[in-house]
K.L.:
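Take a look at this one; I'll ask things after.
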2 protein chains.
Amino acid sequence: MLKLSKKADYGLMALQYIASVQFGDVAQARIINTKEIAEEHHIPVELLAKVLQALAKHGIVESQNGPKGGYLLARNAGTITIAQVLEAIEGPLGIADCYHDKDESTCLQREHCNIRTPLRKVQDSIYQLLNNMTVEDMMGGTPLITIQPTTTVEGVER
Amino acid sequence: MLKLSKKADYGLMALQYIASVQFGDVAQARIINTKEIAEEHHIPVELLAKVLQALAKHGIVESQNGPKGGYLLARNAGTITIAQVLEAIEGPLGIADCYHDKDESTCLQREHCNIRTPLRKVQDSIYQLLNNMTVEDMMGGTPLITIQPTTTVEGVER
DNA sequence: AGGTCTCCGATCAAATTGGTCGGATAAAAT
DNA sequence: ATTTTATCCGACCAATTTGATCGGAGACCT
Ligand code: FES
Ligand code: FES
């Protein structure tokens with residue numbers, strides 16, 4: 001329950017990697033291609049490609065075609081929130097369909113619904129939570145490292 | 001994304017209804033059967049039955065068999081949190097599988113994962129949010145949601 | 001004890017998600 | 001300028017999860 005999909009997971013990983021290479025201190029800023037990210041994280045290449053496509057279509061990353069092509073962040077890492085990424089990869093997020101204002105007709109039990117108002121507050125809180133965290137906050141360590149255990153990764157403090 | 005399943009939705013509705021009848025001021029406390037809840041909220045009867053089974057198995061509601069049987073809350077409404085309900089209906093909740101400590105082997109990219117630590121904080125915040133709201137808070141139309149701001153990520157306070 | 005009403009466990013169909021394939025495109029090499 | 005090659009892109013298929021259903025077991029009332 002509440003488990004975010006593999007695609008979302010892959011997307012976040014890729015963004016963190018791209019951001020770390022592009023804005024990190026250690027390496028030179030360069031364009032990253034799909035294959036590099038996939039091999040680095042051991043995830044299927046083609047699936048990651050599809051995720052990056054979606055991100056490109058929503059203006060989160062820019063794509064460059066041809067040899068020596070790849071992806072790079074479209075805007076600063078601090079302005080890309082987790083909520084935006086998730087919404088780009090999967091549909092508009094919402095704890096239930098009937099809480100997104102527009103589709104009022106879909107829910108049959110709308111009239112007799114008793115949990116609408118309270119759950120809406122939960123949804124708003126979660127949304128706000130995801131919207132207050134950017135990919136910059138995920139750039140804790142140096143790029144392409146294994147997780148450094150127990151060292152409190154700074155970056156969420158802002 | 002982040003959409004909770006129909007079963008969870010139905011389960012919350014049923015609990016709110018049971019609680020309202022059992023502890024509400026208006027009606028006499030009595031046992032509610034599945035059919036009544038289903039017809040009241042226009043949801044498929046058999047599916048709701050399965051949800052209530054799960055809730056009974058996890059000690060959230062008590063079942064009484066035979067004619068004039070049905071369900072009633074096992075404990076006070078104020079002690080049943082949303083998180084407990086969701087965990088009873090669906091599996092253990094967690095934003096991703098690899099953040100629940102035990103199944104370490106399942107995640108292939110565990111070693112090269114860079115988003116583990118930050119996402120874990122998000123998960124903890126959501127969990128805390130769902131654990132601070134009880135079915136009592138869903139009763140009476142005056143839902144009060146209290147989120148004690150955690151030390152992890154800011155922006156969670158209401 | 002018989003009949004009926006209710007919960008219960010196993011089973012089946014639909015939808016979503018995860019994964020794969022070949023083609024279009026643009027940069028680089030010849 | 002042409003060919004080559006590396007990359008992104010969109011459509012297709014398979015697996016898992018979810019939604020819904022069925023017949024049987026147990027308990028109450030008459
Ligand atoms: S379940 Fe749709 S409005 Fe409550
Ligand atoms: S995705 Fe499994 S540990 Fe990060």
Side-chain angles (χ1 to χ4, degrees), chain A residues 1-11 13-14 18 30-39 41-58 60-72 74 86 88-94 96-97 106-109, chain B residues 1-11 13-14 18 30-39 41-58 60-72 74 86 88-94 96-97 106-109:
Chain A
M1 185 56 209
L2 275 180
K3 187 177 58 178
L4 51 84
S5 67
K6 285 279 184 74
K7 285 199 288 186
D9 226 18
Y10 295 161
M13 278 190 235
I18 295 177
R30 68 179 201 278
I31 288 192
I32 320 285
N33 61 1
T34 306
K35 195 174 158 193
E36 177 181 343
I37 306 176
E39 289 183 349
H41 295 278
H42 303 103
I43 58 185
V45 195
E46 302 87 356
L47 184 54
L48 176 62
K50 215 166 77 167
V51 172
L52 289 173
Q53 282 175 38
L55 290 178
K57 185 164 283 183
H58 283 256
I60 293 178
V61 297
E62 300 254 348
S63 71
Q64 189 157 333
N65 215 344
K68 204 71 174 65
Y71 291 96
L72 78 167
L86 294 183
I89 295 177
E90 326 212 339
L93 50 87
D97 320 302
T106 53
C107 186
L108 295 179
Q109 42 271 140
Chain B
M1 186 56 213
L2 276 179
K3 187 175 59 178
L4 51 85
S5 68
K6 285 279 184 73
K7 286 198 289 185
D9 227 17
Y10 296 160
M13 278 189 236
I18 294 177
R30 68 180 202 278
I31 288 193
I32 320 286
N33 61 359
T34 307
K35 195 174 161 193
E36 176 181 344
I37 307 177
E39 289 183 351
H41 294 280
H42 302 104
I43 58 185
V45 195
E46 301 86 356
L47 183 54
L48 176 62
K50 214 168 79 168
V51 172
L52 289 174
Q53 281 174 41
L55 291 177
K57 184 164 283 184
H58 283 255
I60 293 177
V61 296
E62 299 255 348
S63 71
Q64 190 157 333
N65 217 344
K68 202 71 176 60
Y71 290 96
L72 78 167
L86 295 183
I89 295 177
E90 326 211 337
L93 50 87
D97 319 302
T106 54
C107 186
L108 295 179
Q109 43 272 139

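Below, chains carry the letters A, B, ... as their sequence lines are ordered, and counting in each starts from 1.
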K.L.:
Heavy atoms only: give me the nearest Ala8(B)-Leu86(B) pair and the separation to one decimal.
P.N.:
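Taking every non-hydrogen atom into account, CB-CD2, 3.7 Å.
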K.L.:
Using whole Å, report how far CG of Leu4(A) lies from C1' of dG18(C).
P.N.:
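So the CG-C1' distance, Leu4(A) to dG18(C), works out to 14 Å.
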K.L.:
Mind checking the CG-CD1 spacing from Leu72(B) to Ile18(B)? Nearest 0.5 Å is all I need.
P.N.:
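Reported value, rounded in 0.5 Å steps: 8.0 Å.
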K.L.:
Would you please name every residue forming a side chain to side chain donor-acceptor pair (under 3.5 Å) with Gln53(A), sequence neighbours left out?
P.N.:
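Applying side chain to side chain donor-acceptor pair (under 3.5 Å) to Gln53(A) gives none.
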K.L.:
Could you list by number each residue of residues 47-56 of chain B showing a heavy-atom separation from DNA chain D of less than 4.0 Å, or answer none if no residue does?
P.N.:
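Result for residues 47-56 of chain B: Leu47(B), Lys50(B), sorted by number.
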K.L.:
Looking only at heavy atoms, which two atoms of Tyr71(B) and Ile31(B) are closest? And how far apart?
P.N.:
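What the structure gives for the nearest pair is N-CG2, 3.6 Å.
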K.L.:
Measuring from atom CE of Met13(B) to atom CD1 of Ile37(B), what distance do you get when rounded to the nearest 0.5 angstrom?
P.N.:
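Spacing of CE (Met13(B)) from CD1 (Ile37(B)) equals 11.5 Å.
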K.L.:
I need the CG-P distance between Leu86(A) and dT17(C), as an integer number of Å.
P.N.:
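In whole Å, dT17(C) P and Leu86(A) CG are 13 Å from each other.
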K.L.:
Taking side-chain contact (heavy atoms from CB on, under 4.5 Å) as the test, write out the residues that go with Glu39(B), two or more places apart.
P.N.:
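Partners of Glu39(B) by the side-chain contact (heavy atoms from CB on, under 4.5 Å) criterion, ordered by chain and then number, come out as Lys35(B).
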K.L.:
Where is the tightest heavy-atom contact between Ala54(B) and Ala88(B), given as atom of each residue plus distance?
P.N.:
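Heavy atoms of Ala54(B) and Ala88(B) come nearest at CB-O, 4.0 Å.
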K.L.:
Just the rounded figure in Å: distance from P of dC28(D) to CD1 of Ile31(B).
P.N.:
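Distance check: Ile31(B) CD1 to dC28(D) P gives 10 Å.
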K.L.:
Between the protein and nucleotides 22-24 of chain D, which nitrogen or oxygen pairs are less than 3.5 angstrom apart?
P.N.:
none

K.L.:
How far apart are the C-alpha atoms of Leu2(A) and Leu2(B), what are their side-chain angles, what is the distance that settles it, and do they pass the side-chain contact (heavy atoms from CB on, under 4.5 Å) test?
P.N.:
CA-CA 5 Å; Leu2(A) 275 180; Leu2(B) 276 179; 3.4 Å; yes
K.L.:
How close do Thr34(A) and Val45(A) get, counting heavy atoms only, and between which atoms?
P.N.:
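Nearest heavy atoms, Thr34(A) then Val45(A): CG2-O, 3.8 Å.
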K.L.:
Identify each atom pair where a protein N or O and an N or O of nucleotides 2-6 of chain C are less than 3.5 Å apart, giving names and distance.
P.N.:
unit_1: dT6(C); atom_1: OP1; unit_2: Asn33(B); atom_2: ND2; d: 3.3
unit_1: dT6(C); atom_1: O4'; unit_2: Gly66(B); atom_2: O; d: 3.4
unit_1: dT6(C); atom_1: O2; unit_2: Asn65(B); atom_2: OD1; d: 3.0

K.L.:
Nearest whole Å is fine: how far is dT17(C) P from Ile89(A) CD1?
P.N.:
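Value for this atom pair: 12 Å.
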K.L.:
Could you state the atom-to-atom distance from CD1 of Ile37(A) to C1' of dC8(D) in whole Å?
P.N.:
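Ile37(A) atom CD1 is separated from dC8(D) atom C1' by 13 Å.
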K.L.:
Between Tyr10(A) and Leu48(A), which heavy-atom pair has the shortest distance, and what is it?
P.N.:
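Reported closest heavy-atom pair: O-CD1, 4.1 Å.
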K.L.:
dT17(C) C1' sits how many Å from Tyr10(A) OH, rounded?
P.N.:
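Going from Tyr10(A) (OH) to dT17(C) (C1'), I get 12 Å.
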K.L.:
I need the Leu93(B) CG to Leu4(B) CG distance, nearest 0.5 Å.
P.N.:
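Answer for the CG-CG pair, Leu93(B) versus Leu4(B), is 10.5 Å.
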K.L.:
Grab the NZ-P distance between Lys6(B) and dG19(D) for me, whole Å please.
P.N.:
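Taking NZ of Lys6(B) and P of dG19(D), I get 7 Å after rounding.
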K.L.:
Which residue, Ile32(B) or Pro44(A), contacts DNA chain C at a nucleotide closer to its 5' end, judged by nearest heavy atom?
P.N.:
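Comparing both residues, the 5'-ward one is Ile32(B).
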K.L.:
Using the 3.5 Å cut-off, write out each protein N or O paired with an N or O of nucleotides 13-16 of chain C and the distance between them.
P.N.:
none

K.L.:
Between Glu62(A) (CD) and dT7(D) (C1'), how many Å, whole number?
P.N.:
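Value for this atom pair: 16 Å.
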K.L.:
For the residue pair Asn33(A) and Gly69(A), what are the closest heavy atoms and their distance?
P.N.:
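Heavy-atom minimum between the residues: CB-O, 3.7 Å.
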K.L.:
Is the phosphate of dC8(C), meaning OP1 or OP2, less than 4.0 Å from a side-chain N or O of Ser63(B)?
P.N.:
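For Ser63(B), the contact criterion (side-chain N or O under 4.0 Å from OP1 or OP2 of dC8(C)) is met.
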K.L.:
Which value, rounded to the nearest 0.5 Å, describes the distance between Ile43(A) atom CD1 and Lys7(A) atom NZ?
P.N.:
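The CD1 atom of Ile43(A) sits 13.0 Å away from the NZ atom of Lys7(A).
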